[in-house]
Peer 1: 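Before anything else, here's the structure in question.
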Amino acid sequence: MKPTSVINSSKARFSLLGIILFALVGCSAPRSTFYWGEYESMLYGMYLEPGSADSATQIAILQEDIQKSKSMGMRIAPGIHAHLGYMYALEGNMPQAKAELILEKNLFPESATLIDGMLTRLEEKNNDAI
């Protein structure tokens with residue numbers, strides 16, 4: 001049998017280790033599930049100053065964010081491909097707009113109702129132009 005002081009000593013060490021680990025875990029910053037890049041600040045800026053970022057500028061920002069997310073191995077945030085698709089539609093690039101919307105739907109199936117509506121309106125606009 002072990003003496004009582006050795007048992008208490010190992011319990012104390014285990015408790016101290018547990019407290020230290022708990023403190024270290026509590027201090028670590030949570031990692032975001034998605035990469036947001038400049039998307040949120042871009043949207044915020046658009047609300048503060050409407051028209052401050054034209055569609056071509058937004059396309060460039062969003063494409064850069066998508067590339068950064070890939071290089072960091074993070075998932076791109078929901079809505080970014082949909083927003084990019086909308087910007088392509090404003091530029092008149094309907095095939096690329098449709099591709100971005102479909103990609104958004106594939107990445108985030110919960111957005112299917114919204115994206116299907118956007119695709120329907122995109123097709124209607126495309127048919128009206130012909």
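Note that the structure is a prediction, hence the values are computed from the model and not measured. Values reported hereafter were calculated over all heavy atoms of this structure, with side chains retained and with hydrogens, waters and symmetry mates removed.
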Peer 1: State, with a plain yes or no, whether a side-chain heavy atom of Lys98 is found less than 4.5 Å away from one of Ile102.
Peer 2: yes
Peer 1: Could you go through the side chain to side chain donor-acceptor pair (under 3.5 Å) check for Gln67 and Gln63 one step at a time?
Peer 2: CA-CA 6 Å; Gln67 290 306 314; Gln63 285 176 333; over 6 Å; no
Peer 1: Any side-chain heavy atom of Arg75 sitting closer than 4.5 Å to one from Phe108?
Peer 2: yes
Peer 1: Can you measure from NZ (Lys68) to OH (Tyr35) and round to the nearest 0.5 angstrom?
Peer 2: 4.5 Å
Peer 1: Where do Ala97 and Gly85 come nearest, in terms of heavy atoms and distance?
Peer 2: CB-O, 3.2 Å
Peer 1: As an exercise, state the distance from NZ of Lys105 to CG of Leu101, rounded to the nearest 0.5 Å.
Peer 2: 10.0 Å
Peer 1: Using a 4.5 Å cut-off on heavy atoms from C-beta on, say whether the side chain of Leu103 contacts that of Leu84.
Peer 2: no
Peer 1: So Leu43 and His83, do their side chains get closer than 4.5 Å, heavy atoms only?
Peer 2: yes
Peer 1: Hey, are the side chains of Lys125 and Arg121 touching, using non-hydrogen atoms and a 4.5 Å cut-off?
Peer 2: no
Peer 1: With rounding to the nearest 0.5 angstrom, report the CG to CD1 distance, Leu107 to Ile76.
Peer 2: 9.5 Å
Peer 1: Applying side chain to side chain contact (heavy atoms under 4.5 Å, CB included), run through Gln96 and Glu91 and close with a yes or a no.
Peer 2: CA-CA 10 Å; Gln96 190 62 39; Glu91 289 284 308; over 6 Å; no
Peer 1: Tell me whether Met72 shares a hydrophobic cluster with Ile80, the cluster being built from Ile, Leu, Val, Met, Phe, Trp, Tyr side chains joined at under 4.5 Å.
Peer 2: yes
Peer 1: Would you say CD of Glu49 has more than 12 non-hydrogen atoms from neighbouring residues, nucleotides or ligands within 6.0 angstrom?
Peer 2: no
Peer 1: With rounding to the nearest 0.5 Å, note down the distance linking CG in Asp65 to CE in Met42.
Peer 2: 7.5 Å
Peer 1: For Glu38 and Ser41, does a side-chain donor sit closer than 3.5 Å to a side-chain acceptor?
Peer 2: yes
Peer 1: What distance separates Ile66 CD1 from Ser71 OG, expressed to the nearest 0.5 Å?
Peer 2: 12.0 Å
Peer 1: On the 0 to 90° scale, with breaks at 30° and 60°, tag the Trp36-Tyr39 ring pair as parallel, tilted or perpendicular.
Peer 2: parallel
Peer 1: So, Asp54 versus Thr57: side-chain donor-acceptor pair below 3.5 Å or not?
Peer 2: yes
Peer 1: So, the side chain of Glu104 versus the backbone of Pro78: is there a donor-acceptor pair under 3.5 Å, distance only?
Peer 2: no
